[in-house]
Amino acid sequence: MRAFLVKKKLFSPTKPLWWSGLLLSLGVGMLLHAVTLRSIESEAGERFRNQAHNSQFNIATSIKAYTDVLRGTASFFQSVDNVTRDNFHRYVNGLDLNRNFPAIDTINFAQHVEHAQRPEFERLVHASAVADQGRYPPFVIKPAGARPEYAVITLIEPIETLSEKFGVDIAVKPHVAATLAKSRDSGKLSSSGQPVAFLSSPMRSGLAMRLPIYQKGMPTGTVEERRAAYVGSVGIGFSVQRLIQAALDEMPVRHVRLTLYDAGEQNAPPGTTADGVLLFDNTGAVGALSSSDVFSSVLPIEFNGRLWRACFSTPKRMLYSRFDAYLPWLAMLTGFAGCMLIYALFHALSSSRMRAIRMAKAMTKELRDSQAKLQLSHHKLRRLAAHADQIKEEERKRIAREIHDDLGQNLLALRIEADVLATRTSHRHPRLHERARCTLSQIDNTIKSVRQIINDLRPNVLDLGLTAAVEWQIAQFRQRSGIVCEFIEHDSDVAIDDHCAIAYFRILQESLSNILQHAGASLVRVELRQQAGTLSMTISDNGVGLHARSRNKVGSFGLVGIEERISLLGGQCSISGSPNVGTTLHVSVPLEYKTSAFSGEPRHLQTI
């Protein structure tokens with residue numbers, strides 16, 4: 001009993017629950033601590049990604065600069081009639097590679113030689129060594145052996161550190177030969193993407209890029225012309241390590257690890273390997289840290305038709321300031337104090353808030369009760385309208401049947417008697433015969449009027465099906481108005497019950513009446529379609545169109561009646577149109593519709 005009283009005292013709604021406010025404030029403070037810590041980490045990560053993007057841009061810029069050097073060298077070969085070792089040496093010295101392009105280790109020229117041209121080629125190279133003053137070593141094609149084609153390095157700078165590459169046939173490697181052939185045929189820059197070991201430092205490798213050189217004055221518009229004019233290729237070799245390290249040195253964050261992979265050609269289908277060829281990795285810059293303690297960013301770099309993937313990573317602590325370590329705790333304290341103040345204010349206003357809630361609940365209950373009554377009244381009105389429509393149709397059928405059975409039969413008997421009288425008086429009593437013929441004509445006109453009245457009340461053609469009734473009504477409209485009316489049917493026999501057929505027929509009557517009175521149309525098109533369990537009818541005209549104010553015109557219930565008929569059948573109705581472009585009415589009803597407003601079996605009339 002004592003425990004129950006203590007629990008009731010703690011949870012009393014009339015007293016502030018200070019212990020719950022304390023827990024809530026502590027939770028808010030911890031949440032702000034986590035959010036602030038997450039925000040600091042997100043901001044630091046964004047800074048790191050921006051710096052990684054800057055490094056990506058620097059690497060791409062350096063690659064562009066080295067590509068421009070290669071293109072300039074190709075232009076030099078195309079502009080000089082005879083490139084000798086001396087003027088090639090002066091050209092390369094003028095570039096000042098150590099200061100302007102520190103990652104470039106070599107610029108060279110590989111001459112294309114076929115096996116039949118090899119003796120003459122060797123003689124010319126030996127002859128050019130006379131004016132070289134001994135800078136180049138003796139020329140020997142390496143490796144030895146006969147091959148159908150050669151790509152021999154005949155010019156290379158700086159020769160002092162790369163003399164062993166002089167005379168090397170770079171096309172001896174199949175993948176290099178394939179890359180050179182592709183570049184020769186396309187006239188574009190090429191790179192095999194494979195590391196090469198001809199750089200100044202024996203412990204490092206680099207990459208090479210090459211451009212084809214064609215003989216001056218020869219056409220190069222087609223592949224055959226480029227092959228005929230092909231002389232060789234100029235190339236540069238550069239150190240990937242120096243290129244990447246120069247970009248990393250410009251990053252304000254230290255201890256950044258960069259792993260660079262060659263993922264292959266850009267337009268090639270994805271390979272089976274996850275990384276590709278490793279080009280650079282300064283392992284140790286990050287150290288052995290878990291992925292949660294490291295920022296990382298993977299960025300693509302375009303390298304002359306090949307795709308590099310640069311993976312940047314750095315410890316998170318390298319991007320945090322000293323203030324960042326205290327900011328989450330300051331946010332936690334601020335959140336705790338602020339939440340306690342707000343909680344106290346909440347308790348001060350709780351009593352008035354509870355009263356407002358009770359008043360709102362009472363008002364909401366009254367509103368819901370009124371809405372339910374309104375919906376019930378609306379439902380009753382719709383049922384009443386459906387019942388009234390049903391009674392009207394039944395009354396039409398009853399009147400039509402009474403006229404047919406009583407007046408129609410009497411008129412028929414009267415016509416027979418009048419016809420007999422006219423026949424018997426045709427020879428003996430001419431004047432009486434003439435009066436009998438006039439009476440017979442008046443009886444025929446009366447029968448026609450009776451038939452028209454019966455058709456207006458409930459057309460007999462409805463007993464033949466909806467399609468026949470629609471065709472009959474269109475023919476009557478065409479004859480009465482003189483307006484061209486087309487009927488498009490997709491099914492010869494539409495199987496629906498009498499209630500739905502009557503509704504469609506009345507909608508057609510009302511629509512054609514509106515067109516005749518208001519549309520001023522010269523063409524009306526009626527389409528009847530049964531598809532996917534739905535019967536639809538579309539009535540369109542080319543008249544003056546439907547104005548927005550016409551649908552809600554006071555005293556006009558035609559469109560409202562159409563919409564209500566379709567709604568009672570569980571279907572949909574849409575009316576579209578604008579001034580001077582015509583009006584289109586589309587109604588559709590599911591064939592398995594059910595409504596409680598219709599009952600009984602249809603009754604059929606006999607023709608007179």
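Source: prediction; values computed, not measured.
Annotation: side chain to side chain contact (heavy atoms under 4.5 Å, CB included) contacts of Ala44 (sequence neighbours excluded): Arg47, Phe295, Leu319, Tyr320. Qualifying side chain to side chain contact (heavy atoms under 4.5 Å, CB included) partners for Ile488, counting only residues two or more places apart in sequence or in other chains: His490, Arg525, Glu527. Under the side-chain hydrogen bond (donor to acceptor under 3.5 Å, both in side chains) criterion, Ser513 pairs with Gln517, not counting sequence neighbours. Partners of Arg480 according to the side chain to side chain contact (heavy atoms under 4.5 Å, CB included) rule, which considers only residues two or more places apart in sequence or in another chain, are Gln473, Gln476, Phe477, Leu516. Taking Asp249 as the reference, nothing meets the salt bridge (Lys or Arg N to Asp or Glu O under 4.0 Å) condition, with sequence neighbours excluded. In terms of the side-chain hydrogen bond (donor to acceptor under 3.5 Å, both in side chains) criterion, residue partners of Asp324 (sequence neighbours excluded) are, by chain and number, Ser321. Under the rule for a side-chain hydrogen bond (donor to acceptor under 3.5 Å, both in side chains), Gln572 has no partner lying at least two apart in sequence or in another chain. For the salt bridge (Lys or Arg N to Asp or Glu O under 4.0 Å) test, residues two or more places apart in sequence or in another chain that qualify with Lys365 are Asp369. Here Arg49 pairs with Glu46 under the salt bridge (Lys or Arg N to Asp or Glu O under 4.0 Å) rule; sequence neighbours left out. Scanning for side chain to side chain contact (heavy atoms under 4.5 Å, CB included) contacts around Ser511 gives Ile507, Ile539, Ile562, Leu585, with sequence neighbours left out.
A pairwise comparison of heavy atoms in Pro590 and Gly571 identifies CD-CA, 4.1 Å as the closest pair. Listed here is the closest heavy atom pair of Val524 and Ile483: CG2-CG2, 4.0 Å. The shortest heavy-atom contact between Val544 and His518 is CG2-O, 3.7 Å. Counting all heavy atoms, side chain and backbone alike, Val256 lies closest to Val253 at CG2-O, 3.4 Å. When every heavy atom of Met251 is checked against every heavy atom of Ala52, the shortest pair comes out as CE-N, 4.2 Å.
Here Glu302 contributes atom CD and Lys64 contributes atom NZ; the two are 11.0 Å apart, rounded to the nearest 0.5 Å. Note: Trp308 CH2 to Ile244 CD1 = 6.0 Å, rounded to the nearest 0.5 Å. Within the model, atoms CZ of Arg529 and NE2 of His586 stand 9.0 Å from one another, a figure rounded to the nearest 0.5 Å. In this structure, CG in Leu258 is found 8.0 Å from SG in Cys311, a value given to the nearest 0.5 Å. Rounding to the nearest 0.5 angstrom, the gap separating the CD atom in Glu471 from the CZ atom in Arg478 is 9.5 Å. Rounding to the nearest 0.5 Å places OH of Tyr261 at 6.0 Å from CG of Asp281.
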I'd like a table of donor-acceptor pairs (distance under 3.5 Å, sequence neighbours excluded) in which one partner is a side-chain atom from residues 21-41, with atom names and distances.
| unit_1 | atom_1 | unit_2 | atom_2 | d |
| --- | --- | --- | --- | --- |
| Ser25 | OG | Gly21 | O | 2.8 |
| Ser25 | OG | Met340 | N | 3.2 |
| Thr36 | OG1 | Leu32 | O | 2.7 |
| Glu41 | OE2 | Lys316 | NZ | 2.5 |

Counting only pairs under 3.5 Å, give me each side-chain donor-acceptor contact of residues 328-335, with atom names and distances, residues two or more places apart or in other chains.
| unit_1 | atom_1 | unit_2 | atom_2 | d |
| --- | --- | --- | --- | --- |
| Thr334 | OG1 | Leu330 | O | 2.9 |

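Contact of the Val298 side chain with the Arg309 side chain is registered, since non-hydrogen atoms from C-beta on lie closer than 4.5 Å. Looking only at side-chain heavy atoms (C-beta outward), Leu248 and Phe312 come within less than 4.5 Å of each other. Taking the side chain as every heavy atom from C-beta outward, Phe303 and Leu279 never approach each other to under 4.5 Å.
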- Message: Is there a side-chain contact (heavy atoms from CB on, under 4.5 Å) between Ile301 and Gln56? Walk through the geometry before answering.
- Response: CA-CA 7 Å; Ile301 299 176; Gln56 175 199 27; 3.9 Å; yes
Taking it one step at a time, do Leu535 and Val587 satisfy side-chain contact (heavy atoms from CB on, under 4.5 Å)?
CA-CA 8 Å; Leu535 177 63; Val587 294; over 6 Å; no
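In this structure, the side chain of Asp262 does not engage the main chain of Val277 through any donor-acceptor pair within 3.5 Å.
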